[in-house]
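Heavy-atom basis, side chains included; hydrogens, waters and symmetry copies ignored. By convention in this document, chain letters (A, B, ...) are assigned in the order of the sequence lines, proteins followed by strands, and residues within each chain are numbered from 1.
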Amino acid sequence: GENVEQHPSTLSVQEGDSAVIKCTYSDSASNYFPWYKQELGKRPQLIIDIRSNVGEKKDQRIAVTLNKTAKHFSLHITETQPEDSAVYFCAASNSFGNTGKLIFGQGTTLQVKP
Amino acid sequence: NAGVTQTPKFRVLKTGQSMTLLCAQDMNHEYMYWYRQDPGMGLRLIHYSVGEGTTAKGEVPDGYNVSRLKKQNFLLGLESAAPSQTSVYFCASGYHGQGKETQYFGPGTRLLVL
């Protein structure tokens, strides 16, 4: 079945630096790739997503890139701020499968030091 | 519009006891999901439902049962709780169809099995 690997498991950066989290997926039929942010004690919340017909998507300081050939996608956060500290999850889905199931990576704990 | 809600927020059980976790959504979503979240393992799908009266197994279904008698509710049952079921449980819901793949999460239920 589908498998999603996420790296690194922890990431510590200085405020203002950039952070990059990478995920690889196994199912070539996957065509939807969301990223969720989970603050301590809170629910996961969607921050950005990308579909397989697009190579890159940006939303202010956040961007996601997708390489379908290599089956990997990445989250880029620029000008990091302390409020970006959280656990980030990538996920993959085949939206033609009529189940909406997401397969999640293991998560990356991002710490932004002031 | 409350979104996705979960009941209870926290529960302590003794080994062998049973309980039911309730998930409710008011967004008229067709799809609903139950996940468990354990440290370092991301979000793992327990069971899911693509519509009222239907359920299916996810990645880690053993020891759990579900029911979806009404479109807005998805119940997760533990018939005989085990310490291995200590976890944080999240419910999520979403629409069916292309361009609507986003899943919306509830606030979570923290379960401790002694």
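Put simply, of A:Thr99, A:Leu46, A:Leu102, A:Val87, the one with the most heavy-atom pairs under 4.5 Å next to chain B is A:Thr99.
Side-chain contact between A:Arg61 and A:Asp84: present, with at least one pair of heavy atoms (C-beta onward) separated by less than 4.5 Å. Here the side chains of A:Tyr36 and B:Thr102 are in contact, with some heavy-atom distance below 4.5 Å. Counting heavy atoms from C-beta on, the side chains of B:Ile46 and B:Leu76 come closer than 4.5 Å.
Ion pair B:Asp62/B:Lys57 not flagged as a salt bridge, since none of the NZ, NE, NH1 or NH2 atoms sits closer than 4.0 Å to an Asp/Glu carboxylate oxygen.
Defined by atom type and a distance below 3.5 Å, a donor-acceptor pair is missing between the side-chain atoms of A:Thr80 and A:Asp17. Remark: the A:Ser30 side chain and the A:Glu2 side chain contain an N/O donor-acceptor pair separated by less than 3.5 Å.
Within residues 104-114 of chain A, the residues that have a heavy atom under 4.5 Å from a heavy atom of chain B are A:Phe104, A:Gly105, A:Gln106, listed by number.
Contact of B:Glu30 with chain A is not made at all, since no heavy-atom distance falls under 4.5 Å. For B:Tyr35, the part lying near chain A is the side chain, with the backbone staying farther off; criterion is any non-hydrogen pair under 4.5 Å. Both the backbone and the side chain of A:Pro44 come within contact range of chain B, each with at least one heavy atom under 4.5 Å from a heavy atom of that chain. Both the backbone and the side chain of B:Phe105 come within contact range of chain A, judged by heavy atoms closer than 4.5 Å. For A:Gln38, the part lying under 4.5 angstrom from a heavy atom of chain B is the side chain only. Residue contact with chain A, scored on non-hydrogen atoms closer than 4.5 Å, involves the backbone and the side chain of B:Leu43 alike.
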For this session: Kindly determine whether A:Tyr25 and A:Phe33 satisfy ring pair (Phe, Tyr, Trp, His ring centres under 6.0 Å), including the steps that lead there.
Result: CA-CA 10 Å; A:Tyr25 59 98; A:Phe33 307 93; 4.8 Å; yes
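In summary, the aromatic rings of B:Tyr104 and B:His29 are positioned with their centroids under 6.0 Å apart. Ring centroids of A:Trp35 and A:Phe73 are separated by less than 6.0 Å, placing the two rings close together.
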